[in-house]
Each structure stands twice: as C-alpha cells, then as structure tokens.
Amino acid sequence: MSPFLQSPDGLAQEAIKVAVDNGYRHIDCAYFYGNEGSIGEGLEKVLKEGRVKREDLFIVSKLWNSHHAPEDVKPACMETLRLLRLDYLDLYLMHSPMGIKNVKGDLMPQKDGKVLHSDVDYVDTWKAMEKLVDEGLVKSIGVANFNECQLERVLSIARIKPEVVQVERNPYQIQKEMVAFAKAKGMAFTGYSPLTSPKRPFPPGKLDPKNGMEDQTVKEIAKKHGKSPAQILIRFNIQAGLATIPKSETPAHIIENCKVFDFCLTEDDVKKLESLHWGARAVAWDIVGMGKHKYYPFKTQ
C-alpha cells in the first residue's frame with residue numbers, strides 16, 4: 001500500500017493498522033509525501049502491540065530530488081528513519097533522476113514559477129546511496145521514474161545494482177518495454193498508480209488518463225467477475241507478476257484492495273485491458289518546469 005501525500009495524522013495511523021491487520025506487508029513511503037511522521041507513529045504502534053514483527057514488514061521510502069548531492073544523501077535517509085521510527089529501511093529508492101536545489105524547508109524551491117534545478121548527476125547520487133547499504137541503514141536500493149537509458153547508466157557504474165525499478169503502471173500505461181528491461185536485468189518491477197490516481201493533486205496535463213475505475217471496459221470485466229473496478233485494475237498488475245501499490249487511506253478500500261487473490265483475469269480480459277494503452281501518465285513529472293530538466297526521464301518515451 002502507498003499512503004500518499006499528506007494524509008491527516010489520524011487517518012495515516014489508522015490506515016497502517018487496518019492494512020497490517022488485513023495482511024499488507026509492503027508499505028511504500030516517501031519523504032516528499034509529508035506524512036512519514038504519522039506513518040512512523042502508526043508503525044510503532046502496530047509493532048508494540050505485536051500485530052506484526054518488523055522483519056515481516058517491507059518498508060520502502062524515497063530520496064527526494066533536493067537531496068541528490070552526495071553529502072545530502074545520508075542525512076536525508078537518517079531523517080526518514082527518524083520520522084518512521086525505524087532502524088533500517090528494506091528499500092530506499094531515488095525518487096527520480098532529477099536533482100533540484102536544496103533549500104531548507106522547501107521541497108520545491110522555485111523562481112518565477114519554475115523549480116530550481118541542480119546539476120547533480122544521478123550516478124553520483126547512486127554512489128552515495130550504495131554507502132547506505134554498506135552502513136546497514138538500508139537493505140537494498142533502487143530507482144523510481146527512470147527511463148531505460150538512465151537505468152543503463154546506473155548499471156554501468158553500480159557497485160550495488162538497483163534491486164527495484166518503480167514506475168507508473170496501469171492499462172493506459174502498460175510499460176511493456178520497461179517491464180521487459182527490468183526482467184532482463186534481474187530487477188523487480190513495482191507499478192504505482194494502478195488505479196490511475198484519479199485524486200492526484202497535480203494540475204491537468206496532456207497525458208492525463210481518465211479515471212480507470214470509470215472505464216467501460218474495466219467496469220464490464222469487473223461485473224463479469226463480481227469484483228470492483230479497483231480490484232480489476234490491481235489484479236491486472238499482480239497477474240502480470242508485478243508488485244503494485246494502490247493508494248488508499250479509507251479502511252473499506254484498503255480491505256477491498258487486498259481481496260484480489262481469489263480470481264483470475266482471463267486471457268481475453270488481459271488483452272482488452274492492454275488494448276487501453278495509449279501512453280498516458282497520471283504522474284508526468286512535467287510541472288513547474290521539471291519537464292525542462294536535463295535529466296527529465298520521459299522525453300523519448
């Protein structure tokens with residue numbers, strides 16, 4: 001599950017409890033989401049109450065773009081650990097290849113409405129992340145929102161290779177090439193926005209998908225299986241052998257989203273869902289000047 005973007009404190013903590021009680025073990029976090037403190041309180045509570053053991057959880061967080069300078073990587077990780085009340089992370093991802101200026105207290109420093117880019121090379125950031133593994137602060141490292149060429153660059157210099165690539169994946173953006181690339185390189189693939197992020201807090205963009213849960217094809221398949229459209233979209237990723245991280249803070253939705261292992265999509269269902277692909281991006285990363293960044297990942301994809 002992914003408790004995304006500033007859930008109110010009580011909701012984030014309750015979401016963690018409901019998720020753990022219903023079998024979730026992969027918790028996807030990020031410093032940028034602004035709620036790691038609340039999630040940490042929720043994690044501490046379920047661990048103290050014995051609802052789950054720490055070693056049975058897989059906790060992920062992400063290095064934000066403003067902490068790409070090698071000297072900023074460890075302090076950023078330590079702050080995430082402090083907020084989450086943990087001794088280590090199971091996986092730490094570089095949130096994107098695009099560095100921005102590190103201005104204290106400002107996650108998106110801007111001038112004239114444009115984010116202040118930094119020229120830090122993400123391969124230098126990667127080398128600093130490798131040291132986190134050496135020190136036992138994180139068990140594994142990976143990337144998010146990279147393209148294949150950028151991943152090849154990382155792999156060419158990596159002492160510790162990326163274990164995971166996390167990118168958007170749903171029927172409107174099936175990531176056929178990236179899935180194959182990750183498999184060929186021995187990396188796990190995690191798909192975010194499986195539900196097409198209908199409540200995303202970003203300005204409208206030209207690549208915005210429609211709400212996948214309102215898509216007529218999805219609804220017809222859901223009716224056939226006696227499932228909700230959300231369950232069909234989650235099953236679409238899982239049945240492809242891919243990890244997926246639906247976002248929710250609503251207890252009923254958290255419970256519903258995990259009930260996807262008692263049915264299978266037919267081959268025809270999968271073909272119909274894959275036919276919806278048109279290259280949409282719920283999270284295109286092209287706001288406030290980010291699309292002009294020298295390391296913007298989606299120029300050629």
Side-chain angles (χ1 to χ4, degrees), residues 1-5 15-16 19 23-33 36 39 56-65 80 84 89-97 122 126 129 132-133 138-148 150-152 154-155 158 160-197 200 209 212 230-231 233-248 254 257-258 260-261 273-274 277 280-285 297-298 301:
M1 71 169 295
S2 178
F4 181 59
L5 285 178
I16 293 297
Y24 288 82
R25 295 297 181 262
H26 180 160
I27 310 295
D28 185 83
C29 313
Y31 184 75
F32 179 68
Y33 300 166
E36 288 191 325
I39 292 169
D56 293 331
L57 293 174
F58 190 82
I59 309 296
V60 183
S61 189
K62 306 180 191 74
L63 177 77
W64 180 237
N65 299 355
T80 278
L84 291 176
L89 294 170
D90 296 278
L91 173 65
Y92 199 38
L93 302 174
M94 198 183 314
H95 207 145
S96 93
Y122 54 83
W126 183 260
M129 291 178 68
L132 302 176
V133 180
V138 305
K139 289 192 171 184
S140 57
I141 48 180
V143 300
N145 303 297
F146 275 53
N147 64 37
E148 292 156 45
Q150 291 168 334
L151 260 171
E152 286 280 22
V154 172
L155 287 166
I160 301 172
K161 78 169 188 176
E163 293 284 347
V164 174
V165 55
Q166 183 184 117
V167 292
E168 179 177 343
R169 209 253 182 188
N170 54 63
Y172 305 133
Q173 176 56 266
I174 63 174
Q175 299 283 1
K176 183 177 180 180
E177 292 79 13
M178 182 60 85
V179 170
F181 179 88
K183 183 177 180 179
K185 300 297 182 179
M187 293 182 289
F189 180 104
T190 299
Y192 69 76
S193 294
L195 308 182
T196 68
S197 296
R200 55 191 174 275
Q231 289 170 320
L233 293 169
I234 294 167
R235 181 70 199 181
F236 175 67
N237 280 356
I238 290 174
Q239 194 161 311
L242 308 173
T244 196
I245 43 175
K247 171 262 174 186
S248 184
I254 292 171
N257 289 349
C258 71
V260 293
F261 299 100
L273 292 169
E274 288 181 340
H277 171 83
R281 290 193 184 276
V283 186
W285 285 86
F298 306 136
Q301 296 194 323

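Values reported hereafter were calculated over all heavy atoms of this structure, with side chains retained and with hydrogens, waters and symmetry mates removed.
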### Task
Kindly determine whether Leu93 and Phe146 satisfy side-chain contact (heavy atoms from CB on, under 4.5 Å), including the steps that lead there.
CA-CA 11 Å; Leu93 302 174; Phe146 275 53; over 6 Å; no

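- For the pair Gln166 and Ile245, the minimum side-chain heavy-atom distance is below 4.5 Å.
- Stacking of Arg281 on the aromatic ring of Phe298 is recorded, both the 6.0 Å distance cut-off and the 45° axial limit being met.
- Using a distance-only test at 3.5 Å, with no hydrogens or angles considered, a donor-acceptor pair links the side chain of Trp126 to the main chain of Ile160.
- For Tyr31 and Trp64, the distance between ring centers is not under 6.0 angstrom.
- Residues Leu273 and Pro171 come closest through the heavy atom pair O-CB, 3.4 Å.
- Contact between Ser197 and Ala282 at its shortest, heavy atoms only, is CB-CB, 4.0 Å.
- Side-chain contact check for Glu168 and Ser193: no donor-acceptor pair (N or O, by modelled atom type) lies under 3.5 Å.
- Using a 4.5 Å heavy-atom cutoff, the side chains of Phe181 and Val165 are not in contact.
- Rounding to the nearest 0.5 Å places CD1 of Ile141 at 8.0 Å from CE of Met94.
- A donor-acceptor pair under 3.5 Å is formed between the side chain of Asp90 and the backbone N or O of Ile59.
- The shortest distance between side-chain heavy atoms of His95 and Trp285 falls below 4.5 Å.
- Listed here is the closest heavy atom pair of Lys161 and Gly186: NZ-O, 3.5 Å.
- For the pair Tyr24 and Ile16, the minimum side-chain heavy-atom distance is 4.5 Å or more.
- In this structure the side chain of Met187 never reaches within 4.5 angstrom of the side chain of Glu163, judged on heavy atoms.
- Distance check: Tyr122 OH to Leu151 CG gives 8.5 Å after rounding to the nearest 0.5 Å.
- Counting only residues at least two apart or in different chains, salt bridge (charged side-chain N to carboxylate O under 4.0 Å, His left out) contacts with residues 178-192 comprise Glu152-Lys185.
- Ser96 is linked by a side-chain hydrogen bond (donor to acceptor under 3.5 Å, both in side chains) to Asn65, counting only residues two or more places apart in sequence or in another chain.
- The shortest side-chain heavy-atom distance between Asp28 and Lys62 falls under the 4.5 Å cut-off.
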### Message
The test is side-chain contact (heavy atoms from CB on, under 4.5 Å); show your working for Phe58 and Arg25 and say whether it passes.
### Response
CA-CA 6 Å; Phe58 190 82; Arg25 295 297 181 262; 5.6 Å; no

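- In this structure the side chain of Phe236 never reaches within 4.5 angstrom of the side chain of Asn170, judged on heavy atoms.
- Of all non-hydrogen atoms in Gln150 and Pro297, the two that sit nearest each other are OE1-CB, 3.3 Å.
- Lys139 NZ to Leu91 CG: the interatomic distance, rounded to the nearest 0.5 Å, is 12.0 Å.
- At least one donor-acceptor pair under 3.5 Å links the side chain of Arg235 to the backbone N or O of Val260.
- Proximity of Pro162 to Met129: side-chain heavy atoms (C-beta onward) are nowhere separated by under 4.5 Å.
- Between Gly191 and Arg169, the shortest heavy-atom contact is CA-CB, 3.9 Å.
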### Task
Please report the C-alpha distance between Leu89 and Leu84 in whole Å, then the side-chain angles of each, then the deciding distance to 0.1 Å, and finally whether the side-chain contact (heavy atoms from CB on, under 4.5 Å) criterion is met.
CA-CA 9 Å; Leu89 294 170; Leu84 291 176; 3.9 Å; yes

### Query
Would Phe189 and Val167 satisfy side-chain contact (heavy atoms from CB on, under 4.5 Å), going step by step from the backbone distance to the final call?
CA-CA 8 Å; Phe189 180 104; Val167 292; 3.5 Å; yes

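- Here the closest heavy-atom approach between residue Ala230 and residue Leu195 is recorded as O-CD2, 3.6 Å.
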